[in-house]
Enquirer: 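Quick one: structure below, then a few questions.
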Amino acid sequence: MEPATSASTASISATRLVVMVGTPEVDRPAYQWLSEAVRSLVADGRLLHGTRLPSERSMVAALGLSRTTVTRAYAELRDRGYATARQGSGTIAVLPGGPAAGGAEPVPMGVPGSAPAGAIDWRSAAPPAVAGLTSAYARAGEHIGRFVSGMGYFPVGIPEIREAVAQRYTERGLATSPDQIIVTTGATEGTAAAAQVLLGRGSRVIAETPAYPNSLVTLRREVSRVVPVPITWDGSDVGAWESATVGSGARAAFLTPDFHNPTGALLDAERRDQLAALWRRHKLTGLVDETLAELVIDDLTMPAPMAAFATSAVTVGSVSKMLWGGLRVAWIRAPRNLIGPLTQARMSIGLGGPVMEQMVAADLIRRGVGSDNERRDSLRSRRRVVMDGIHEALPDWTTVAPPGGLWLWWRLPVPRSTALVRAAREEGLLMLPGSTFAVAESGLEHWVRTPFALPEADLTEAVVRLARAWARVT
């Protein structure tokens, strides 16, 4: 079975493409301007690989340029490898060499990683790169000379990214200075460094269940036991936290308050305040995962970051979901009294991240890329495709639309999650059973996660395969 791809049949109208390329530049020939504008759209991911470009005639009418200009621009795109002419299909936008295979978010340890030919991988919840990424790399390349005269080691991050991240926290309602930011290579590395400082071997930590599997793996390397607190679509209950905390002997609490993985729950300001008071009362230090905080979908006013309520909390953030997983830029935000120990822990893992990627991330964060309306509209549309498709095909499944994030958490009418995943693999659909997200050794057989980060055509096909798999199970 071949995977469905939106690129295989997608096309763009001349009217839309003219809006995207913008105003012609007067300082160079029109054909060069048009060719470069379209090439940039393809390279930045705003025109997907395989998209059919408008006919030359329609572009002439929409742009008001000569036929010779448009023909020459299309020819230059083909010469540079960014377009190809197909008999009967017109001119197709392509990436030179085609999209690179792989690159999905790593699945948890112990889960089979190989994908059958033609399978749709629904285990990963990582979106593609934001539009404008390659342009950000080009801008960073113009300024990399500032750094190459030195040795290139920045254990806590280059000043630009620390300043950009601190400013973003301040804008979100948590006053932060750059010296409270430690840059790491990915959120998992940041979580590992924070766990070294806050937990220590043999200690205990309280964490929500279900939870992101890779975070659980990281925590379990440091602690003797993870004490579970149940969480639902509405978020975890403060009373349940109180019950789990009393007598647990825990030193820290692990929390994902913003679009929790996998439930999608958003903890409101009132419960953040109540939970922070509970942490203070029981002398718990919060370890907060904020890697999804910028992925807002619905129109809402976001509460301030958790550390605005619990000032002793240590927060881990990342650009992987917001911008692109390949950037590998993340950070720890902490109170000043913990910066020294956290820096030492971070240096025990690595001596710093790539300078170029930090420059790119800082540039895009300052520009608000990744949390803009274009990204929000795309995620909203993809969420609707999955929700509507499953509601129609499997009406006895239930879920709640998350106000942000990248996934839906479904309750099955019967506890057959593991069997469903096995059947789905035979249908060419790779998924994770609910038990993968459980803090306990087993459980959550009533639940399954369906990300909505893939192209819409892939999501539509995934729902079809999911329905066939469920029919085989039931």
Side-chain angles (χ1 to χ4, degrees), residues 25 27-28 36 39-40 43-45 80 95-97 100 103 129-171 175-194 196-197 291 294 314-371:
E25 298 175 2
D27 58 347
R28 60 175 166 172
E36 178 58 24
R39 186 204 68 80
S40 296
D44 280 344
R80 298 177 67 183
L95 288 165
V130 293
L133 182 67
T134 55
S135 298
Y137 267 97
R139 290 191 295 269
E142 296 174 0
H143 300 284
I144 192 67
R146 296 179 50 235
F147 296 94
V148 297
S149 59
M151 291 182 289
Y153 292 97
F154 295 87
V156 295
I158 65 172
E160 285 83 347
I161 184 65
R162 299 177 77 195
E163 291 166 2
V165 172
Q167 178 60 33
R168 185 67 191 121
Y169 271 111
T170 300
E171 293 169 354
T176 302
S177 61
D179 63 350
Q180 292 180 267
I181 303 298
I182 300 171
V183 179
T184 64
T185 308
T188 299
E189 183 178 287
T191 302
Q196 283 186 30
V197 173
T291 53
E294 298 282 6
V314 174
T315 301
V316 175
S318 169
V319 302
S320 294
K321 300 296 193 295
M322 179 175 66
L323 300 177
W324 183 46
L327 279 176
R328 308 312 307 139
V329 176
W331 55 83
I332 302 170
R333 190 269 177 203
R336 288 183 177 86
N337 66 302
L338 291 176
I339 290 297
L342 286 168
T343 299
Q344 293 179 2
R346 189 263 179 273
M347 291 180 66
S348 72
I349 299 172
L351 298 181
V355 172
M356 187 77 162
E357 275 63 30
Q358 294 180 53
M359 294 174 66
V360 170
D363 179 4
L364 295 177
I365 289 172
R366 288 196 184 100
R367 294 170 182 268
V369 176
S371 55

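Worth saying up front: this structure is predicted, and the values here are computed from it rather than measured.
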Enquirer: Check each of V316, T184, V319, V156 against W331 using the side chain to side chain contact (heavy atoms under 4.5 Å, CB included) test, and report the only one that passes.
Expert: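 Result for side chain to side chain contact (heavy atoms under 4.5 Å, CB included) with W331: V319.
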
Enquirer: Determine, stepwise, if the pair E171 / R168 fulfils salt bridge (charged side-chain N to carboxylate O under 4.0 Å, His left out).
Expert: CA-CA 5 Å; E171 293 169 354; R168 185 67 191 121; 3.1 Å; yes

Enquirer: Run R146 and E160 through side-chain contact (heavy atoms from CB on, under 4.5 Å) and show every step you take.
Expert: CA-CA 12 Å; R146 296 179 50 235; E160 285 83 347; 2.5 Å; yes

Enquirer: Decide yes or no on side-chain contact (heavy atoms from CB on, under 4.5 Å) for E163 and R366, but give the supporting numbers first.
Expert: CA-CA 10 Å; E163 291 166 2; R366 288 196 184 100; 3.8 Å; yes

Enquirer: Output yes when a side-chain donor or acceptor of T176 lies under 3.5 Å from a complementary backbone atom of T170, and no otherwise.
Expert: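 The answer is no, because no donor-acceptor pair under 3.5 Å joins these two groups.
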
Enquirer: For S177 and A166, work out which heavy atoms get closest and say how close.
Expert: C-CB, 3.6 Å

Enquirer: When rounded to the nearest 0.5 angstrom, what distance separates CE in M359 from NE2 in H143?
Expert: 6.5 Å

Enquirer: Looking at side-chain heavy atoms only, is the closest gap between L133 and V369 below 4.5 Å?
Expert: no

Enquirer: Nearest 0.5 Å, what's the CG-CG distance between L327 and L364?
Expert: 7.0 Å

Enquirer: Grab the two heavy atoms, one from T185 and one from R346, that are nearest each other, plus how far apart they are.
Expert: OG1-NH2, 3.6 Å

Enquirer: Of all the heavy-atom pairs spanning V130 and G370, show the shortest one and how long it is.
Expert: CG1-CA, 4.0 Å

Enquirer: I'd like to know whether I158 forms a side-chain contact (heavy atoms from CB on, under 4.5 Å) with F147, so could you lay out the CA-CA distance, the side-chain angles of the two residues, the decisive distance to 0.1 Å, and finally the verdict.
Expert: CA-CA 9 Å; I158 65 172; F147 296 94; 4.0 Å; yes

Enquirer: What distance do D179 atom CG and R336 atom CZ have between them, rounded to the nearest 0.5 Å?
Expert: 4.5 Å

Enquirer: To the nearest 0.5 angstrom, please state how far the OH atom of Y169 sits from the OG1 atom of T315.
Expert: 5.0 Å

Enquirer: Charged N to carboxylate O below 4.0 Å: is that the case for R28 and E36?
Expert: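 Looking at R28 and E36, the cut-off is not met.
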
Enquirer: Which atom names give the shortest non-hydrogen contact between S320 and R328, and what distance separates them?
Expert: OG-NH1, 3.0 Å

Enquirer: Kindly give the heavy-atom pair with the smallest separation between V314 and P335, and that separation in Å.
Expert: CG2-CD, 4.4 Å

Enquirer: Check step by step if side-chain contact (heavy atoms from CB on, under 4.5 Å) holds for I365 and I161.
Expert: CA-CA 9 Å; I365 289 172; I161 184 65; 3.9 Å; yes

Enquirer: Donor-acceptor pairs are to be reported for all side-chain atoms of residues 347-354 against protein atoms at under 3.5 Å, with residues two or more places apart or in another chain.
Expert:
| unit_1 | atom_1 | unit_2 | atom_2 | d |
| --- | --- | --- | --- | --- |
| S348 | OG | A345 | O | 2.6 |

Enquirer: Taking all atoms of both residues into account, what is the closest heavy-atom pair of T291 and S318, and its distance?
Expert: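 Looking at all heavy atoms of both residues, the closest pair is CG2-CB, 3.7 Å.
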
Enquirer: Measure the spacing between CZ of R162 and CD of Q358 and express it to the nearest 0.5 Å.
Expert: 10.0 Å

